[in-house]
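First the structure, in the form of C-alpha coordinates, and then the observations on it.
In this text the structure is predicted, and so the values were computed from the model without any measurement. Counting starts at 1 for both ligands and their atoms, in listed order.
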Amino acid sequence: MVSGDGPPDPPDPPDPPDPRDPLDPRALRADAPLLDAWLSFTAGAAAGAVRPFTIPGHKQRHDMVGAVVAGDVPLYAGLDTMKLARGVLADAERRAAAFWGADWCRFSVGGSTHGNQALALAVGRPGDEVVVGRTLHRSLLLGIVLAGLRPVWVRPGVDAATGLPGSMPADAVRRALAEHPAAVAVMVGDPTYVGTTGDVAGLAAVAHEAGVPLVVDAAWGAHFGLHPSLPPHALAAGADAMVISAHKTLPAVSQGAVVLARNGRLDAGRLERAFEATHTTSPSGAILASIDAARALLERSGPELAEGLVRRVARARHRLEGVPGLVVLRGPLADGSGVEAAKLVVLLPATGASGVAVEQGLLDAGFPVELADRDTIVAVVTIADDDRAVDAFAAELAAQIERHRGPARPVVPGAAWAVQPEQVLDPREAFFAPAESVPAGSAVGRVCAELVAPYPPGVPVLAPGERITAAALDALLAARRAGARIAYAADPTLATLAVVRAQ
Ligand SMILES: Cc1ncc(COP(=O)(O)O)c(C=O)c1O
(Lines give C-alpha, C1' and ligand atoms only; values in the text may rest on other atoms or scores of the structure.)
Protein backbone atom coordinates (compact mmCIF):
# COMPACT_ATOMS: atom_id res chain seq x y z
CA MET A 1 0.00 0.00 0.00
CA VAL A 2 1.18 3.52 -0.73
CA SER A 3 1.34 5.77 2.30
CA GLY A 4 2.43 9.38 2.49
CA ASP A 5 5.44 9.05 4.84
CA GLY A 6 8.65 8.97 2.85
CA PRO A 7 10.20 6.19 0.79
CA PRO A 8 9.28 2.74 2.09
CA ASP A 9 11.68 -0.13 2.70
CA PRO A 10 12.34 -2.23 -0.38
CA PRO A 11 10.19 -5.37 -0.45
CA ASP A 12 11.66 -8.76 0.43
CA PRO A 13 12.72 -10.63 -2.71
CA PRO A 14 9.95 -13.06 -3.70
CA ASP A 15 10.47 -16.78 -3.12
CA PRO A 16 11.46 -18.58 -6.32
CA PRO A 17 8.66 -20.58 -7.92
CA ASP A 18 8.44 -24.28 -7.16
CA PRO A 19 9.04 -25.95 -10.55
CA ARG A 20 7.48 -29.23 -9.31
CA ASP A 21 4.16 -27.59 -8.50
CA PRO A 22 2.09 -27.08 -11.67
CA LEU A 23 -0.30 -24.86 -9.72
CA ASP A 24 2.35 -22.48 -8.39
CA PRO A 25 1.18 -19.18 -9.90
CA ARG A 26 4.70 -17.79 -9.71
CA ALA A 27 5.72 -20.39 -12.27
CA LEU A 28 2.93 -19.25 -14.59
CA ARG A 29 4.13 -15.67 -14.83
CA ALA A 30 6.90 -16.51 -17.30
CA ASP A 31 4.20 -17.68 -19.77
CA ALA A 32 1.60 -15.04 -18.94
CA PRO A 33 2.61 -11.45 -19.76
CA LEU A 34 -0.45 -9.83 -18.17
CA LEU A 35 -0.13 -11.89 -14.99
CA ASP A 36 3.54 -10.91 -14.86
CA ALA A 37 2.65 -7.23 -15.28
CA TRP A 38 -0.03 -7.47 -12.58
CA LEU A 39 2.38 -9.12 -10.14
CA SER A 40 5.04 -6.47 -10.85
CA PHE A 41 2.62 -3.57 -10.47
CA THR A 42 1.06 -4.81 -7.25
CA ALA A 43 4.48 -5.57 -5.75
CA GLY A 44 5.66 -2.07 -6.72
CA ALA A 45 2.55 -0.45 -5.28
CA ALA A 46 2.87 -2.44 -2.05
CA ALA A 47 6.47 -1.24 -1.76
CA GLY A 48 5.51 2.37 -2.40
CA ALA A 49 7.54 2.40 -5.59
CA VAL A 50 4.48 3.26 -7.71
CA ARG A 51 2.68 6.51 -6.91
CA PRO A 52 0.09 6.82 -9.65
CA PHE A 53 -1.32 10.13 -10.86
CA THR A 54 -3.86 8.30 -12.95
CA ILE A 55 -7.14 6.56 -12.33
CA PRO A 56 -8.35 4.53 -10.44
CA GLY A 57 -9.05 7.09 -7.75
CA HIS A 58 -8.20 4.78 -4.85
CA LYS A 59 -4.51 5.23 -5.78
CA GLN A 60 -3.79 1.74 -4.49
CA ARG A 61 -4.59 2.79 -0.91
CA HIS A 62 -6.37 0.16 1.13
CA ASP A 63 -6.98 2.39 4.14
CA MET A 64 -9.88 4.42 2.74
CA VAL A 65 -12.51 1.92 1.65
CA GLY A 66 -10.55 -1.15 2.71
CA ALA A 67 -9.26 -4.22 0.89
CA VAL A 68 -12.21 -4.19 -1.48
CA VAL A 69 -9.93 -2.34 -3.94
CA ALA A 70 -6.95 -4.65 -3.39
CA GLY A 71 -5.53 -5.97 -6.63
CA ASP A 72 -7.40 -3.44 -8.75
CA VAL A 73 -4.85 -2.45 -11.37
CA PRO A 74 -5.93 -0.79 -14.60
CA LEU A 75 -4.68 -1.92 -17.99
CA TYR A 76 -3.69 1.63 -18.95
CA ALA A 77 -0.97 3.01 -16.67
CA GLY A 78 -1.06 -0.23 -14.73
CA LEU A 79 -0.33 -3.44 -16.57
CA ASP A 80 1.07 -1.35 -19.39
CA THR A 81 1.88 2.31 -19.95
CA MET A 82 -0.91 4.71 -20.92
CA LYS A 83 0.33 4.41 -24.51
CA LEU A 84 0.43 0.58 -24.32
CA ALA A 85 4.15 0.78 -25.13
CA ARG A 86 4.89 -2.70 -23.74
CA GLY A 87 2.26 -4.51 -25.79
CA VAL A 88 1.46 -6.98 -23.01
CA LEU A 89 -2.26 -7.25 -23.81
CA ALA A 90 -1.60 -7.92 -27.49
CA ASP A 91 1.01 -10.52 -26.49
CA ALA A 92 -1.44 -12.26 -24.13
CA GLU A 93 -4.22 -12.22 -26.74
CA ARG A 94 -1.84 -13.68 -29.35
CA ARG A 95 -1.01 -16.52 -26.97
CA ALA A 96 -4.70 -17.19 -26.34
CA ALA A 97 -5.41 -17.12 -30.10
CA ALA A 98 -2.69 -19.73 -30.62
CA PHE A 99 -4.00 -21.87 -27.75
CA TRP A 100 -7.59 -21.92 -29.06
CA GLY A 101 -6.60 -22.05 -32.75
CA ALA A 102 -8.01 -18.60 -33.64
CA ASP A 103 -6.81 -15.88 -36.00
CA TRP A 104 -8.31 -13.09 -33.90
CA CYS A 105 -8.75 -12.92 -30.15
CA ARG A 106 -9.72 -10.29 -27.63
CA PHE A 107 -10.03 -10.40 -23.85
CA SER A 108 -13.19 -8.80 -22.53
CA VAL A 109 -13.89 -7.46 -19.06
CA GLY A 110 -17.59 -7.35 -19.94
CA GLY A 111 -18.29 -11.07 -19.82
CA SER A 112 -19.76 -13.12 -22.63
CA THR A 113 -22.50 -10.50 -22.50
CA HIS A 114 -20.12 -8.06 -24.17
CA GLY A 115 -18.73 -10.80 -26.42
CA ASN A 116 -22.18 -11.67 -27.73
CA GLN A 117 -22.97 -8.03 -28.37
CA ALA A 118 -19.68 -7.58 -30.21
CA LEU A 119 -20.31 -10.63 -32.40
CA ALA A 120 -23.85 -9.48 -33.19
CA LEU A 121 -22.42 -6.10 -34.24
CA ALA A 122 -19.82 -7.86 -36.41
CA VAL A 123 -21.91 -10.24 -38.52
CA GLY A 124 -24.21 -8.01 -40.52
CA ARG A 125 -25.89 -4.67 -41.06
CA PRO A 126 -29.15 -3.31 -39.68
CA GLY A 127 -32.03 -5.16 -41.34
CA ASP A 128 -30.01 -8.31 -42.12
CA GLU A 129 -31.49 -11.66 -41.14
CA VAL A 130 -29.62 -14.07 -38.86
CA VAL A 131 -30.64 -17.63 -38.01
CA VAL A 132 -30.62 -17.83 -34.22
CA GLY A 133 -31.45 -20.45 -31.61
CA ARG A 134 -34.42 -19.27 -29.52
CA THR A 135 -32.86 -20.59 -26.31
CA LEU A 136 -30.36 -17.75 -26.64
CA HIS A 137 -29.10 -15.81 -23.64
CA ARG A 138 -30.56 -12.33 -23.19
CA SER A 139 -27.15 -10.80 -24.01
CA LEU A 140 -27.29 -12.10 -27.57
CA LEU A 141 -30.87 -10.94 -27.94
CA LEU A 142 -29.84 -7.45 -26.89
CA GLY A 143 -26.87 -7.69 -29.24
CA ILE A 144 -29.42 -8.32 -31.99
CA VAL A 145 -31.30 -5.19 -30.84
CA LEU A 146 -28.08 -3.15 -30.86
CA ALA A 147 -27.11 -4.37 -34.31
CA GLY A 148 -30.63 -4.08 -35.75
CA LEU A 149 -30.56 -7.70 -36.96
CA ARG A 150 -33.74 -9.62 -37.78
CA PRO A 151 -33.84 -13.02 -36.08
CA VAL A 152 -35.05 -16.13 -37.87
CA TRP A 153 -35.71 -18.35 -34.88
CA VAL A 154 -34.89 -22.03 -34.70
CA ARG A 155 -35.73 -24.06 -31.64
CA PRO A 156 -34.10 -27.07 -30.11
CA GLY A 157 -36.39 -29.92 -29.12
CA VAL A 158 -37.35 -30.29 -25.47
CA ASP A 159 -36.39 -33.71 -24.11
CA ALA A 160 -39.63 -35.36 -22.94
CA ALA A 161 -37.94 -37.34 -20.17
CA THR A 162 -36.26 -34.34 -18.54
CA GLY A 163 -38.10 -31.24 -19.80
CA LEU A 164 -34.71 -29.77 -20.73
CA PRO A 165 -33.60 -28.40 -24.09
CA GLY A 166 -31.50 -30.50 -26.41
CA SER A 167 -29.04 -29.09 -28.88
CA MET A 168 -29.85 -27.13 -32.01
CA PRO A 169 -30.77 -29.60 -34.78
CA ALA A 170 -28.68 -29.07 -37.93
CA ASP A 171 -31.71 -29.93 -40.10
CA ALA A 172 -33.76 -27.11 -38.59
CA VAL A 173 -30.91 -24.70 -39.30
CA ARG A 174 -30.58 -26.01 -42.87
CA ARG A 175 -34.32 -25.44 -43.45
CA ALA A 176 -34.16 -21.93 -41.98
CA LEU A 177 -31.23 -21.05 -44.23
CA ALA A 178 -33.05 -22.44 -47.27
CA GLU A 179 -36.15 -20.37 -46.43
CA HIS A 180 -34.07 -17.26 -45.71
CA PRO A 181 -31.30 -17.29 -48.31
CA ALA A 182 -30.31 -13.70 -47.46
CA ALA A 183 -29.44 -14.62 -43.85
CA VAL A 184 -25.90 -13.50 -43.03
CA ALA A 185 -24.99 -15.79 -40.10
CA VAL A 186 -26.05 -18.67 -37.86
CA MET A 187 -25.80 -17.97 -34.13
CA VAL A 188 -26.31 -20.70 -31.54
CA GLY A 189 -25.60 -21.34 -27.90
CA ASP A 190 -23.58 -24.50 -27.25
CA PRO A 191 -23.37 -25.85 -24.58
CA THR A 192 -26.81 -24.89 -23.33
CA TYR A 193 -27.21 -23.57 -19.83
CA VAL A 194 -27.95 -27.09 -18.62
CA GLY A 195 -24.87 -28.56 -20.28
CA THR A 196 -26.49 -30.19 -23.30
CA THR A 197 -24.25 -30.15 -26.34
CA GLY A 198 -24.87 -30.61 -30.03
CA ASP A 199 -23.26 -31.29 -33.34
CA VAL A 200 -21.34 -28.03 -33.77
CA ALA A 201 -19.39 -29.55 -36.65
CA GLY A 202 -22.69 -30.37 -38.39
CA LEU A 203 -23.99 -26.84 -37.79
CA ALA A 204 -20.74 -25.40 -39.16
CA ALA A 205 -21.07 -27.54 -42.28
CA VAL A 206 -24.69 -26.40 -42.80
CA ALA A 207 -23.76 -22.73 -42.29
CA HIS A 208 -20.76 -23.01 -44.59
CA GLU A 209 -22.80 -24.72 -47.34
CA ALA A 210 -24.94 -21.59 -47.26
CA GLY A 211 -21.81 -19.40 -47.31
CA VAL A 212 -22.37 -17.86 -43.87
CA PRO A 213 -20.38 -18.00 -40.62
CA LEU A 214 -21.35 -20.04 -37.58
CA VAL A 215 -21.05 -18.01 -34.35
CA VAL A 216 -21.26 -19.93 -31.08
CA ASP A 217 -22.09 -18.54 -27.66
CA ALA A 218 -19.94 -20.99 -25.71
CA ALA A 219 -20.09 -18.96 -22.49
CA TRP A 220 -20.31 -22.20 -20.49
CA GLY A 221 -17.73 -24.09 -22.55
CA ALA A 222 -14.40 -22.45 -21.72
CA HIS A 223 -13.09 -25.82 -20.55
CA PHE A 224 -14.09 -27.67 -23.73
CA GLY A 225 -11.35 -29.35 -25.70
CA LEU A 226 -9.16 -30.03 -22.68
CA HIS A 227 -9.95 -33.73 -22.31
CA PRO A 228 -11.26 -36.56 -24.53
CA SER A 229 -14.40 -36.79 -22.34
CA LEU A 230 -15.25 -33.17 -23.11
CA PRO A 231 -16.48 -31.95 -26.49
CA PRO A 232 -13.99 -30.11 -28.71
CA HIS A 233 -14.34 -26.35 -28.38
CA ALA A 234 -16.49 -24.66 -31.00
CA LEU A 235 -13.64 -23.31 -33.15
CA ALA A 236 -12.03 -26.75 -33.25
CA ALA A 237 -15.40 -28.13 -34.39
CA GLY A 238 -15.47 -25.67 -37.30
CA ALA A 239 -17.24 -22.57 -35.95
CA ASP A 240 -16.07 -19.20 -37.24
CA ALA A 241 -16.33 -17.41 -33.90
CA MET A 242 -16.98 -18.24 -30.29
CA VAL A 243 -17.25 -16.43 -27.01
CA ILE A 244 -16.25 -18.15 -23.78
CA SER A 245 -16.66 -16.90 -20.22
CA ALA A 246 -13.27 -17.52 -18.62
CA HIS A 247 -14.87 -16.63 -15.29
CA LYS A 248 -17.53 -19.33 -15.52
CA THR A 249 -15.61 -22.59 -15.78
CA LEU A 250 -11.98 -21.45 -15.60
CA PRO A 251 -10.27 -19.89 -12.58
CA ALA A 252 -10.57 -16.29 -13.80
CA VAL A 253 -12.01 -13.18 -12.16
CA SER A 254 -15.74 -12.40 -12.62
CA GLN A 255 -16.55 -10.81 -15.99
CA GLY A 256 -13.48 -12.21 -17.76
CA ALA A 257 -14.38 -13.51 -21.23
CA VAL A 258 -12.57 -14.30 -24.46
CA VAL A 259 -13.86 -13.67 -27.96
CA LEU A 260 -12.15 -15.70 -30.67
CA ALA A 261 -12.62 -15.89 -34.42
CA ARG A 262 -11.19 -17.31 -37.61
CA ASN A 263 -10.53 -15.24 -40.72
CA GLY A 264 -12.43 -15.97 -43.88
CA ARG A 265 -16.13 -15.59 -43.27
CA LEU A 266 -15.68 -12.86 -40.66
CA ASP A 267 -13.64 -9.72 -41.11
CA ALA A 268 -11.03 -9.04 -38.41
CA GLY A 269 -11.30 -5.24 -38.85
CA ARG A 270 -15.03 -5.39 -38.39
CA LEU A 271 -14.71 -7.68 -35.36
CA GLU A 272 -12.24 -5.26 -33.83
CA ARG A 273 -14.53 -2.26 -34.32
CA ALA A 274 -17.52 -4.17 -32.98
CA PHE A 275 -15.56 -5.34 -29.94
CA GLU A 276 -14.29 -1.86 -29.10
CA ALA A 277 -17.68 -0.21 -29.68
CA THR A 278 -19.14 -1.70 -26.51
CA HIS A 279 -16.06 -2.35 -24.34
CA THR A 280 -15.06 -0.08 -21.49
CA THR A 281 -12.17 2.33 -22.01
CA SER A 282 -10.87 1.47 -18.51
CA PRO A 283 -10.47 -2.32 -18.49
CA SER A 284 -9.63 -3.93 -15.17
CA GLY A 285 -6.12 -5.33 -15.28
CA ALA A 286 -6.95 -7.89 -12.63
CA ILE A 287 -9.64 -9.38 -14.87
CA LEU A 288 -7.37 -9.35 -17.93
CA ALA A 289 -4.44 -10.82 -16.02
CA SER A 290 -6.62 -13.60 -14.63
CA ILE A 291 -7.74 -14.58 -18.14
CA ASP A 292 -4.09 -14.69 -19.20
CA ALA A 293 -3.18 -16.73 -16.13
CA ALA A 294 -6.05 -19.16 -16.73
CA ARG A 295 -4.90 -19.68 -20.32
CA ALA A 296 -1.30 -20.26 -19.18
CA LEU A 297 -2.56 -22.73 -16.58
CA LEU A 298 -4.51 -24.65 -19.23
CA GLU A 299 -1.45 -24.81 -21.48
CA ARG A 300 0.57 -26.23 -18.62
CA SER A 301 -1.84 -28.51 -16.87
CA GLY A 302 -5.20 -28.39 -18.69
CA PRO A 303 -5.55 -32.10 -19.49
CA GLU A 304 -4.64 -33.24 -15.94
CA LEU A 305 -6.92 -30.67 -14.35
CA ALA A 306 -9.77 -31.60 -16.69
CA GLU A 307 -9.18 -35.29 -15.97
CA GLY A 308 -9.73 -34.63 -12.26
CA LEU A 309 -12.82 -32.57 -13.00
CA VAL A 310 -14.41 -35.24 -15.18
CA ARG A 311 -13.62 -37.94 -12.61
CA ARG A 312 -15.07 -35.93 -9.72
CA VAL A 313 -18.29 -35.13 -11.56
CA ALA A 314 -18.64 -38.78 -12.62
CA ARG A 315 -18.29 -39.84 -8.99
CA ALA A 316 -20.83 -37.26 -7.81
CA ARG A 317 -23.26 -38.37 -10.52
CA HIS A 318 -22.83 -41.98 -9.49
CA ARG A 319 -23.43 -41.08 -5.84
CA LEU A 320 -26.57 -39.07 -6.68
CA GLU A 321 -27.97 -41.78 -8.92
CA GLY A 322 -28.39 -43.77 -5.71
CA VAL A 323 -30.99 -41.25 -4.46
CA PRO A 324 -34.42 -42.82 -5.16
CA GLY A 325 -36.31 -40.93 -7.85
CA LEU A 326 -33.54 -38.46 -8.58
CA VAL A 327 -32.67 -38.14 -12.27
CA VAL A 328 -29.07 -37.17 -12.91
CA LEU A 329 -28.64 -35.66 -16.35
CA ARG A 330 -26.36 -37.72 -18.60
CA GLY A 331 -26.06 -37.95 -22.33
CA PRO A 332 -27.05 -38.88 -24.83
CA LEU A 333 -30.62 -37.55 -24.69
CA ALA A 334 -33.32 -39.08 -26.90
CA ASP A 335 -32.55 -36.58 -29.69
CA GLY A 336 -28.85 -37.50 -29.62
CA SER A 337 -27.72 -34.39 -27.72
CA GLY A 338 -24.75 -34.91 -25.47
CA VAL A 339 -24.45 -33.79 -21.87
CA GLU A 340 -21.06 -32.35 -21.08
CA ALA A 341 -19.01 -34.14 -18.48
CA ALA A 342 -18.51 -31.24 -16.09
CA LYS A 343 -21.92 -29.81 -15.23
CA LEU A 344 -23.91 -31.44 -12.47
CA VAL A 345 -27.63 -31.22 -13.28
CA VAL A 346 -30.27 -33.13 -11.33
CA LEU A 347 -34.03 -33.36 -11.81
CA LEU A 348 -36.26 -33.56 -8.79
CA PRO A 349 -39.89 -34.26 -9.90
CA ALA A 350 -39.91 -37.95 -9.01
CA THR A 351 -38.43 -37.22 -5.55
CA GLY A 352 -41.26 -34.77 -4.82
CA ALA A 353 -38.72 -32.36 -3.31
CA SER A 354 -38.98 -28.68 -4.20
CA GLY A 355 -35.78 -27.36 -5.76
CA VAL A 356 -36.34 -24.03 -4.05
CA ALA A 357 -36.47 -25.70 -0.60
CA VAL A 358 -33.46 -27.85 -1.45
CA GLU A 359 -31.58 -24.71 -2.52
CA GLN A 360 -32.36 -23.02 0.78
CA GLY A 361 -31.06 -26.07 2.66
CA LEU A 362 -27.90 -26.05 0.54
CA LEU A 363 -27.45 -22.31 1.18
CA ASP A 364 -27.83 -22.84 4.91
CA ALA A 365 -25.13 -25.50 4.68
CA GLY A 366 -22.84 -23.09 2.76
CA PHE A 367 -23.30 -24.56 -0.73
CA PRO A 368 -24.80 -21.96 -3.10
CA VAL A 369 -25.73 -23.45 -6.49
CA GLU A 370 -25.95 -21.87 -9.92
CA LEU A 371 -29.64 -22.60 -10.60
CA ALA A 372 -32.47 -24.02 -8.56
CA ASP A 373 -36.05 -23.94 -9.73
CA ARG A 374 -38.82 -26.21 -8.58
CA ASP A 375 -37.66 -29.18 -10.63
CA THR A 376 -33.99 -28.65 -11.41
CA ILE A 377 -30.73 -28.02 -9.61
CA VAL A 378 -27.67 -26.99 -11.61
CA ALA A 379 -24.32 -27.04 -9.84
CA VAL A 380 -21.18 -25.83 -11.54
CA VAL A 381 -18.09 -27.90 -10.84
CA THR A 382 -14.78 -26.57 -12.12
CA ILE A 383 -11.11 -27.46 -12.12
CA ALA A 384 -10.85 -25.45 -8.90
CA ASP A 385 -12.95 -27.98 -6.95
CA ASP A 386 -11.21 -30.86 -5.22
CA ASP A 387 -12.47 -34.32 -4.28
CA ARG A 388 -13.45 -33.26 -0.80
CA ALA A 389 -15.54 -30.30 -1.95
CA VAL A 390 -17.40 -32.25 -4.63
CA ASP A 391 -18.01 -35.26 -2.40
CA ALA A 392 -19.28 -33.02 0.42
CA PHE A 393 -21.59 -31.18 -1.98
CA ALA A 394 -23.03 -34.42 -3.38
CA ALA A 395 -23.63 -35.74 0.15
CA GLU A 396 -25.37 -32.53 1.24
CA LEU A 397 -27.50 -32.42 -1.91
CA ALA A 398 -28.61 -36.03 -1.31
CA ALA A 399 -29.40 -35.20 2.34
CA GLN A 400 -31.42 -32.10 1.42
CA ILE A 401 -33.46 -34.06 -1.12
CA GLU A 402 -34.26 -36.66 1.56
CA ARG A 403 -35.24 -33.87 3.97
CA HIS A 404 -37.68 -32.34 1.49
CA ARG A 405 -39.00 -35.50 -0.17
CA GLY A 406 -42.71 -35.49 -1.12
CA PRO A 407 -45.21 -36.95 -3.57
CA ALA A 408 -43.80 -37.40 -7.07
CA ARG A 409 -44.97 -34.92 -9.72
CA PRO A 410 -44.80 -34.97 -13.51
CA VAL A 411 -41.94 -33.40 -15.48
CA VAL A 412 -42.91 -29.94 -16.77
CA PRO A 413 -40.50 -28.12 -19.09
CA GLY A 414 -39.23 -24.83 -17.62
CA ALA A 415 -40.68 -21.58 -18.99
CA ALA A 416 -37.46 -20.69 -20.81
CA TRP A 417 -37.32 -23.89 -22.84
CA ALA A 418 -40.91 -24.05 -24.06
CA VAL A 419 -41.15 -20.66 -25.83
CA GLN A 420 -42.93 -20.64 -29.20
CA PRO A 421 -42.34 -17.07 -30.33
CA GLU A 422 -44.49 -15.19 -32.82
CA GLN A 423 -42.31 -12.32 -34.03
CA VAL A 424 -44.51 -9.35 -34.95
CA LEU A 425 -41.96 -6.52 -35.01
CA ASP A 426 -38.16 -6.63 -35.29
CA PRO A 427 -36.62 -6.64 -31.81
CA ARG A 428 -34.93 -3.29 -32.40
CA GLU A 429 -38.11 -1.64 -33.66
CA ALA A 430 -40.06 -2.89 -30.64
CA PHE A 431 -37.28 -1.92 -28.23
CA PHE A 432 -37.45 1.71 -29.38
CA ALA A 433 -41.20 1.87 -29.99
CA PRO A 434 -43.42 3.95 -27.70
CA ALA A 435 -44.54 1.60 -24.94
CA GLU A 436 -47.15 1.48 -22.23
CA SER A 437 -47.61 -0.59 -19.13
CA VAL A 438 -50.82 -2.65 -19.02
CA PRO A 439 -52.19 -5.24 -16.57
CA ALA A 440 -50.69 -8.60 -17.51
CA GLY A 441 -54.09 -10.17 -18.24
CA SER A 442 -54.88 -7.57 -20.89
CA ALA A 443 -51.36 -7.78 -22.35
CA VAL A 444 -52.14 -11.14 -23.98
CA GLY A 445 -52.29 -10.63 -27.74
CA ARG A 446 -50.28 -7.36 -27.57
CA VAL A 447 -46.72 -6.92 -28.81
CA CYS A 448 -44.13 -7.07 -26.05
CA ALA A 449 -41.86 -4.04 -25.65
CA GLU A 450 -39.53 -5.52 -23.04
CA LEU A 451 -37.41 -8.57 -22.34
CA VAL A 452 -38.64 -10.86 -19.59
CA ALA A 453 -36.49 -13.77 -18.44
CA PRO A 454 -36.43 -16.01 -15.39
CA TYR A 455 -32.81 -15.68 -14.19
CA PRO A 456 -31.05 -18.01 -14.25
CA PRO A 457 -30.98 -19.20 -17.03
CA GLY A 458 -31.53 -15.73 -18.54
CA VAL A 459 -33.24 -17.07 -21.65
CA PRO A 460 -36.00 -14.61 -22.58
CA VAL A 461 -39.52 -16.01 -22.37
CA LEU A 462 -40.80 -12.75 -23.81
CA ALA A 463 -38.68 -10.54 -26.05
CA PRO A 464 -39.26 -7.16 -27.68
CA GLY A 465 -41.39 -7.53 -30.78
CA GLU A 466 -42.99 -10.87 -29.85
CA ARG A 467 -46.70 -11.42 -29.41
CA ILE A 468 -47.53 -12.02 -25.75
CA THR A 469 -49.29 -15.36 -25.63
CA ALA A 470 -51.31 -16.80 -22.77
CA ALA A 471 -48.87 -19.74 -22.75
CA ALA A 472 -45.84 -17.45 -22.29
CA LEU A 473 -47.55 -15.44 -19.56
CA ASP A 474 -48.73 -18.59 -17.76
CA ALA A 475 -45.22 -20.07 -17.95
CA LEU A 476 -43.73 -16.87 -16.48
CA LEU A 477 -46.30 -16.69 -13.70
CA ALA A 478 -45.72 -20.37 -12.87
CA ALA A 479 -41.95 -19.76 -12.77
CA ARG A 480 -42.48 -16.82 -10.42
CA ARG A 481 -44.80 -18.80 -8.16
CA ALA A 482 -42.19 -21.56 -8.05
CA GLY A 483 -39.65 -19.06 -6.69
CA ALA A 484 -37.76 -17.95 -9.82
CA ARG A 485 -36.42 -14.40 -10.02
CA ILE A 486 -38.04 -12.66 -12.97
CA ALA A 487 -35.36 -10.42 -14.45
CA TYR A 488 -35.33 -7.40 -16.76
CA ALA A 489 -39.10 -6.82 -16.67
CA ALA A 490 -40.06 -3.29 -15.62
CA ASP A 491 -42.45 -4.97 -13.18
CA PRO A 492 -40.79 -8.14 -11.83
CA THR A 493 -44.04 -9.08 -10.04
CA LEU A 494 -45.58 -9.50 -13.52
CA ALA A 495 -48.71 -7.66 -12.44
CA THR A 496 -48.10 -5.48 -15.50
CA LEU A 497 -46.16 -5.84 -18.74
CA ALA A 498 -44.71 -3.23 -21.09
CA VAL A 499 -46.32 -3.46 -24.52
CA VAL A 500 -45.86 -1.51 -27.72
CA ARG A 501 -48.39 1.32 -27.68
CA ALA A 502 -51.16 0.91 -30.23
CA GLN A 503 -50.83 3.58 -32.97
C1 LIG B 1 -25.52 -18.99 -22.53
C2 LIG B 1 -24.97 -17.73 -21.93
N3 LIG B 1 -24.39 -16.82 -22.72
C4 LIG B 1 -23.88 -15.68 -22.24
C5 LIG B 1 -23.94 -15.40 -20.89
C6 LIG B 1 -23.37 -14.11 -20.38
O7 LIG B 1 -22.17 -14.38 -19.75
P8 LIG B 1 -21.45 -13.36 -18.77
O9 LIG B 1 -22.06 -13.54 -17.43
O10 LIG B 1 -20.01 -13.80 -18.84
O11 LIG B 1 -21.64 -11.99 -19.29
C12 LIG B 1 -24.54 -16.32 -20.01
C13 LIG B 1 -24.60 -16.03 -18.57
O14 LIG B 1 -25.00 -16.83 -17.77
C15 LIG B 1 -25.08 -17.50 -20.54
O16 LIG B 1 -25.70 -18.41 -19.76
Side-chain angles (χ1 to χ4, degrees), residues 106-121 132-146 151 154-156 164-168 186-198 200 203 214-224 231 233-234 239 241-260 275 278-280 283-284 286-288 290-291 294 337 339-340 342-343 345 368-373 376 378-380 382 414-417 419 451 453-461 463 484-488:
R106 293 300 312 270
F107 289 180
S108 173
V109 301
S112 288
T113 297
H114 167 237
N116 276 330
Q117 291 171 356
L119 290 171
L121 285 167
V132 194
R134 185 56 182 79
T135 43
L136 79 177
H137 185 252
R138 47 84 62 168
S139 56
L140 181 53
L141 196 131
L142 287 159
I144 286 171
V145 168
L146 284 175
V154 283
R155 286 171 37 80
L164 295 176
S167 55
M168 199 53 65
V186 175
M187 306 181 94
V188 299
D190 194 285
T192 65
Y193 185 87
V194 291
T196 47
T197 59
V200 176
L203 290 172
L214 173 69
V215 172
V216 180
D217 172 0
W220 287 101
H223 58 299
F224 279 18
H233 64 71
M242 69 176 183
V243 53
I244 53 178
S245 287
H247 72 99
K248 289 197 194 299
T249 59
L250 303 182
V253 173
S254 290
Q255 299 176 208
V258 188
V259 194
L260 300 126
F275 181 92
T278 43
H279 203 215
T280 175
S284 150
I287 299 177
L288 297 174
S290 74
I291 299 172
S337 302
V339 175
E340 67 121 326
K343 214 164 195 177
V345 179
V369 289
E370 193 61 34
L371 174 147
D373 61 21
T376 321
V378 177
V380 172
T382 77
W417 316 129
V419 189
L451 188 153
Y455 212 110
V459 174
V461 172
R485 174 171 72 91
I486 304 296
Y488 311 116

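By the 4.5 Å heavy-atom criterion applied to side chains, Leu136 and Asn116 are not counted as neighbours.
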Output, in order, the C-alpha distance, side-chain angles, deciding distance and verdict of side chain to side chain contact (heavy atoms under 4.5 Å, CB included) for Val154 and Met168.
CA-CA 8 Å; Val154 283; Met168 199 53 65; 3.6 Å; yes
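Sorted by first and then second residue, the salt bridge (charged side-chain N to carboxylate O under 4.0 Å, His left out) pairs involving residues 132-142 (not counting sequence neighbours) are Arg134-Glu466.
Ordered by chain and residue number, the residues placing a heavy atom less than 4.0 Å from ligand 1 are Gly111, Ser112, Thr113, Asn116, His137, Ser139, Tyr193, Asp217, Ala219, Trp220, Ser245, His247, Lys248, Tyr455.
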Using distance only, find each side-chain donor-acceptor pair of residues 242-253 under 3.5 Å and give its atom names and separation, not counting sequence neighbours.
from	atom 1	to	atom 2	distance (Å)
Ser245	OG	Ser112	OG	2.6
Thr249	OG1	His223	ND1	3.1

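Listed by chain and number, the residues in a side chain to side chain donor-acceptor pair (under 3.5 Å) with Thr278 are His114 (sequence neighbours excluded).
Checking Tyr455, Trp220, Trp417 one by one against Tyr193, the ring-ring contact (aromatic ring centres under 6.0 Å, His included) holds for a single residue, Trp220.
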